[in-house]
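Data block below; observations after.
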Protein chains: 2
Amino acid sequence: MLMPESARDGLDSFDLAILDILQRDNTIAHRIIGERVNLSAAAVHRRVRRMQENGVITGNFAVVDPARVGQPITIVVEVEVESERLDLLDAARRSFAADPAVQQCYYVTGDADFVLIVTVASMSGYDALTRRLFFGNHNVRRFRTLVVMDRIKTGLAVQLPNPSREPI
Amino acid sequence: MLMPESARDGLDSFDLAILDILQRDNTIAHRIIGERVNLSAAAVHRRVRRMQENGVITGNFAVVDPARVGQPITIVVEVEVESERLDLLDAARRSFAADPAVQQCYYVTGDADFVLIVTVASMSGYDALTRRLFFGNHNVRRFRTLVVMDRIKTGLAVQLPNPSREPI
DNA sequence: TTCAGAATGCAAAAAAATCTCGATTTCGGT
DNA sequence: ACCGAAATCGAGATTTTTTTGCATTCTGAA
């Protein structure tokens with residue numbers, strides 16, 4: 001039985017080459033991408049659209065320098081909860097995710113339970129955040145604050161597999 | 001004395017409204033953005049270009065789902081160094097930044113020195129990474145591994161100030 | 001109030017994205 | 001190795017967006 005190709009999940013070397021470009025800069029014209037990967041612009045366009053519909057590409061974003069919009073401080077926070085009861089974890093999860101100061105939130109194994117990356121305008125802004133998210137939540141046992149002195153590398157780019165002949 | 005506007009740094013409420021849209025989706029046509037913020041497409045375009053030249057917008061990226069390209073595991077690593085000698089710190093910084101498995105790297109105050117966010121294909125891939133980056137670097141005293149069970153929120157969007165009348 | 005620089009909207013030009021369609025390639029089954 | 005269905009391709013037509021030029025309007029300082 002043949003799976004309809006339009007629904008297929010695998011990525012071939014063309015797809016990977018295209019992703020590699022778009023991860024770095026999604027404003028490059030399809031015609032240029034086509035020249036680099038040896039496809040027509042139409043073919044590039046079809047592949048990009050499919051990867052978006054497929055969910056391989058999850059979004060297209062402009063990245064803003066936090067310092068230039070009044071959020072010069074980045075902080076990593078490790079949060080430990082009291083109880084791992086599912087409903088309580090979920091409540092914490094939701095409150096972290098909903099806060100606009102929280103850029104990223106990970107639920108992790110190990111000593112900590114959550115790792116948050118937040119941006120704030122000032123330390124008093126961070127103080128307000130701790131009240132809002134941590135002191136205001138009785139399920140938060142403790143949290144550890146790691147103030148970022150240098151954002152050495154930021155981004156969401158993922159390492160792509162070696163472009164082999166076979167789809168993944 | 002009037003500073004040439006083309007070099008000015010401040011963002012007015014139009015700029016902020018535009019950033020707010022582009023942070024979520026930078027594929028929206030300028031005509032549509034213009035309708036939403038009450039500007040012509042040309043004005044939107046000029047503002048976007050200026051913010052890119054200014055460095056307010058640092059990049060435009062497509063985001064790829066790591067799991068769909070063979071990197072299903074995300075790990076947060078805290079790294080503690082032996083010596084804070086500048087040249088040694090710099091060497092560590094560079095090796096972390098250069099590794100394609102390292103998505104993000106922060107230099108932080110507190111117990112840890114670096115916080116890394118890495119994506120890997122498997123735990124043995126992570127093992128290889130620890131050899132490469134940590135055991136292979138004698139300045140790394142110890143590292144703590146926090147395996148991500150749920151990527152609750154990811155992204156690089158920044159909270160924007162209240163669109164007031166005055167430029168920032 | 002006046003003035004100069006800056007930003008705007010409109011309209012045209014240039015470029016890019018999107019669509020169509022016939023030709024080609026790929027792929028599984030025989 | 002061969003065949004046929006299905007997917008993909010490239011080229012060109014079409015639509016849409018981006019970009020530029022220009023006259024006008026806005027804004028802030030004197």
Side-chain angles (χ1 to χ4, degrees), chain A residues 1-63 68-69 163-168, chain B residues 1-57 59-63 68 163-168:
Chain A
M1 171 54 178
L2 186 57
M3 169 183 301
E5 185 74 6
S6 55
R8 92 164 149 69
D9 197 74
L11 305 175
D12 62 17
S13 62
F14 287 115
D15 293 319
L16 292 173
I18 292 169
L19 287 179
D20 195 39
I21 293 171
L22 292 181
Q23 271 198 135
R24 295 190 223 291
D25 183 352
N26 73 352
T27 65
I28 298 175
H30 292 164
R31 181 178 54 81
I32 308 291
I33 296 175
E35 285 172 17
R36 295 205 203 155
V37 305
N38 289 318
L39 281 178
S40 68
V44 171
H45 177 255
R46 281 186 294 254
R47 284 165 177 271
V48 171
R49 186 176 51 189
R50 181 200 290 157
M51 290 192 281
Q52 285 177 346
E53 287 164 355
N54 267 348
V56 172
I57 294 175
T58 62
N60 290 276
F61 309 106
V63 175
R68 301 295 289 278
V69 291
S164 67
R165 210 71 203 340
E166 301 303 318
I168 305 178
Chain B
M1 169 54 181
L2 187 59
M3 169 183 299
E5 185 74 6
S6 55
R8 91 165 151 70
D9 196 74
L11 306 175
D12 62 16
S13 62
F14 287 116
D15 293 320
L16 292 173
I18 293 169
L19 288 178
D20 194 39
I21 293 170
L22 292 180
Q23 270 198 137
R24 295 189 223 291
D25 183 353
N26 74 350
T27 65
I28 298 176
H30 292 165
R31 182 178 55 80
I32 308 290
I33 297 174
E35 286 173 17
R36 295 202 203 156
V37 304
N38 289 316
L39 280 178
S40 67
V44 171
H45 176 255
R46 284 186 291 252
R47 284 166 176 271
V48 170
R49 187 175 48 189
R50 177 161 73 209
M51 290 191 283
Q52 285 176 347
E53 287 165 354
N54 267 348
V56 172
I57 294 174
N60 290 277
F61 308 107
V63 174
R68 301 294 289 278
S164 67
R165 210 71 201 346
E166 301 303 318
I168 304 179

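Labels below follow one simple rule: chain letters A, B, ... track the order of the sequence lines, proteins then strands, and each chain is numbered from 1.
Every residue two or more places apart in sequence or in another chain was checked for a side chain to side chain donor-acceptor pair (under 3.5 Å) with A:Arg36, and none qualifies. Annotation: side chain to side chain donor-acceptor pair (under 3.5 Å) contacts of B:Thr27 (sequence neighbours excluded): B:Asp25. B:Arg49 pairs by the salt bridge (Lys or Arg N to Asp or Glu O under 4.0 Å) definition with nothing, not counting sequence neighbours. For A:Arg24, the salt bridge (Lys or Arg N to Asp or Glu O under 4.0 Å) partners are A:Asp20, not counting sequence neighbours. With sequence neighbours left out, the side chain to side chain donor-acceptor pair (under 3.5 Å) criterion links A:Asn26 to A:Asn60, B:Asn26.
For A:Asn60 and D:dT17, the CG to P distance is 16 Å, given to the nearest whole Å. Between B:Asp12 atom CG and D:dG28 atom C1' there is a gap of 15 Å when expressed in whole angstrom units. When the C1' atom of C:dA6 is taken as reference, atom CZ of B:Arg46 falls 10 Å away, rounded to whole Å. Computed from coordinates, the A:Asn38 CG to D:dT8 P distance equals 18 Å when rounded to whole Å. Look at NE2 on A:His45: it is 16 Å from C1' on D:dG12, rounded to the nearest Å. The separation between B:Phe14 atom CZ and D:dC26 atom C1' is 11 Å, rounded to whole Å.
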All N/O contacts under 3.5 Å from nucleotides 12-16 of chain C to the protein, with atom names and distances to one decimal?
from	atom 1	to	atom 2	distance (Å)
C:dA16	OP2	A:Arg31	NH2	3.1

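The side chain of A:Arg47 sits closest to D:dT8 out of D:dG10, D:dT8, D:dT20.
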